[in-house]
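Below you'll find the structure, written out as structure tokens, and then a few comments.
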Amino acid sequence: MRKIALTTTAVAAVALMALAGCSSRADTETGTEGDGGFAADSLIGVALPDKTSENWVLAGGLFEDAIAEAGFKGEVQYAGQSTPVPDQQAQIDAMVTNGAKVIIIGAKDGGQLGAQVAAARESGAVVIAYDRILENTEDIDYYLAFNNFAVGQAQGQALLDGLEAKGDGPYNVELFAGSPDDPNAAVFFNGALDILQPKIDDGTLNIVSGQTEFEQVVTQGWAPEEAQSRADTLLQANYGSTELDGVLSPNDTLARAVITSVEQAGKPDIVITGQDSEAASIPLIMEGKQYMTIYKDTRRLVAAALDMVKALAAGDEPETNAEENNKTIEVPTFYLDPVTVTAENAAEVYADNPDLEPLTK
Ligand code: BGC
């Protein structure tokens, strides 16, 4: 009799867990192996940062469509511009309360969501960091991005290639980086310096301002006004009668800001890098005003995120191909390869993208 009562309790507990929507991960962690997976109409939360570049603008709509197409319910939120960190914290809290089974996060500040992802994990949700890793937390299941270090290396290599094509060195160069609250910014910068540092050391590249440290070259909030004003200051202080040959810019938005600055200063003839294949930058690449960009097709990244969600729904382990350290744990990671784009290969690279390919004409 006692035995039966216990069994009934156990059955009730399992039923309760099912009602509470515990995921396979939570089941595994509590030691009660479940079937895994979750219902096809479950809620999938997507928390995106403020729209500092076109890739983020595109991601929201692509996520809504892809989630609906796969039959899940979606809750896609952006952080606002004035209070992005508290916005994102509140949005993720709400997704947990609403019972999201997976929460996909493109963080505004990857170091300030620890309490939210802990609560998400506690509720049984799976946490996927999208494009930007979440730092200093154990509560992250997967990371999905274009390989950021490779992006930086490609920018560094293209800067050298562009300068060499322009003429013999040494070359006068300035460095720009992204926002320090975005972990990607340092990774892009380190990737670029992996290629550029030997050339700085051997005198091929001369950083005239002397500003070579990440902290000296960052752009808070990825804000173009900041980059433009720093470029204005650098030009005024260091380039009166000196030619500026090249600029390392971490993305297209900031490249356009720097191009505005050098044009206003009457020194437009620079080799400058970018990233994101923004519609506004592609004509500049074709005209030779911006030397290169990186193609990180947002459609592919969102599709890869949905592949992860579908695998989790089926109770399977999502495919990964790398591990990334987030300053706390090694995070199972899926990296996509970024593609370098210059005027030479733009039409070919964008051939499958009806929004971008016409811009190369
Ligand atoms: C993304 C870049 C983007 C930047 C600014 C980074 O985290 O990886 O593609 O240019 O944020 O929005």
Side-chain angles (χ1 to χ4, degrees), residues 46-60 62-63 78-81 84-85 88 104-113 128-135 140 143-155 158 176-192 214 217-228 247-259 272-282 284-285 290 292-302 304-305 324 326 331 333-341 356:
V46 182
L48 297 170
D50 49 337
K51 300 174 182 174
T52 43
S53 47
E54 205 168 85
N55 53 325
W56 296 116
V57 177
L58 293 171
L62 290 169
F63 265 117
Y78 280 100
Q81 252 176 338
V85 172
Q88 207 163 38
I104 299 169
I105 303 172
K108 163 63 185 177
D109 183 335
Q112 292 205 56
L113 297 173
I128 300 177
Y130 171 91
D131 188 87
R132 300 174 174 174
I133 204 159
L134 299 162
E135 291 189 319
I140 165 172
Y143 176 45
L144 169 69
F146 283 90
N147 187 326
N148 297 306
F149 194 77
V151 167
Q153 288 176 313
Q155 291 171 327
F176 283 71
S179 190
D181 55 5
D182 172 359
N184 285 355
V187 181
F188 297 146
F189 189 69
N190 292 338
F214 177 68
V217 306
V218 293
T219 311
Q220 281 296 336
W222 289 96
E225 322 73 78
E226 280 242 354
Q228 189 171 335
V247 172
L248 175 76
S249 162
N251 78 358
D252 288 351
T253 310
L254 303 192
R256 292 196 300 277
V258 173
I259 290 169
I272 185 165
T273 60
Q275 165 174 208
D276 294 334
S277 294
E278 293 199 346
S281 282
I282 293 168
L284 302 181
I285 290 169
Q290 179 176 327
M292 66 84 78
T293 187
I294 302 276
Y295 191 33
K296 304 195 304 184
D297 189 344
T298 308
R299 300 172 304 174
R300 282 181 60 209
L301 199 57
V302 169
E324 198 52 70
N326 78 337
V331 183
T333 295
F334 188 78
Y335 273 137
L336 284 79
D337 290 329
V339 179
T340 299
V341 185
L356 299 185

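Whatever order the structure lists ligands and atoms in, that order sets their numbers, starting from 1. Quick caveat, the model's predicted, so the values are computed rather than measured. We're numbering straight along the sequence, starting at 1.
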Exercise. Going by atom types alone, do Tyr78 and Gln88 pair a side-chain donor with an acceptor below 3.5 Å?
Worked result: no
Problem set entry | Enumerated ligand 1 atoms positioned under 4.0 Å from heavy atoms of Phe188 | 8 (O)
Problem set entry | Contact atoms of ligand 1, heavy-atom distance to Lys296 under 4.0 Å | 1 (C), 2 (C), 8 (O), 9 (O)
Problem set entry | Those residues that, when tested against Gln81, pass side-chain contact (heavy atoms from CB on, under 4.5 Å) (two or more places apart) | Asp50
Problem set entry | Heavy atom of the protein closest to atom 10 (O) of ligand 1 (residue, atom name, distance) | Asp276 OD2, 2.5 Å
Exercise. Counting from 1, what ligand 1 atoms have a heavy atom of Asp131 closer than 4.0 Å?
Worked result: 1 (C), 6 (C), 7 (O), 8 (O)
For this session: Could you check Ile105, Val46, Ile104 and say which one makes a side chain to side chain contact (heavy atoms under 4.5 Å, CB included) with Tyr130?
Result: Ile104
For this session: Report the residues that fulfil salt bridge (Lys or Arg N to Asp or Glu O under 4.0 Å) with Asp252, sequence neighbours left out, ordered by chain and then residue number.
Result: none
Problem set entry | Protein contact to atom 12 (O) of ligand 1 [nearest heavy atom, distance to 0.1 Å] | Ser53 OG, 2.6 Å
For this session: Enumerate the atoms of ligand 1 whose separation from the nearest heavy atom of Trp56 is less than 4.0 angstrom.
Result: 11 (O), 12 (O)
For this session: Would you please say whether a donor-acceptor pair under 3.5 Å links the side chains of Asn147 and Asp337?
Result: no
Problem set entry | Per-atom contacts of ligand 1 with Asp182, taking only distances under 4.0 Å to non-hydrogen atoms | 6 (C), 7 (O), 11 (O)
Exercise. Below 4.0 angstrom, N of the basic side chain to O of the carboxylate: do Lys108 and Asp182 qualify?
Worked result: no
Exercise. Near Arg132, which atoms of ligand 1 are under 4.0 Å from a heavy atom of that residue?
Worked result: 4 (C), 5 (C), 6 (C), 7 (O), 11 (O), 12 (O)
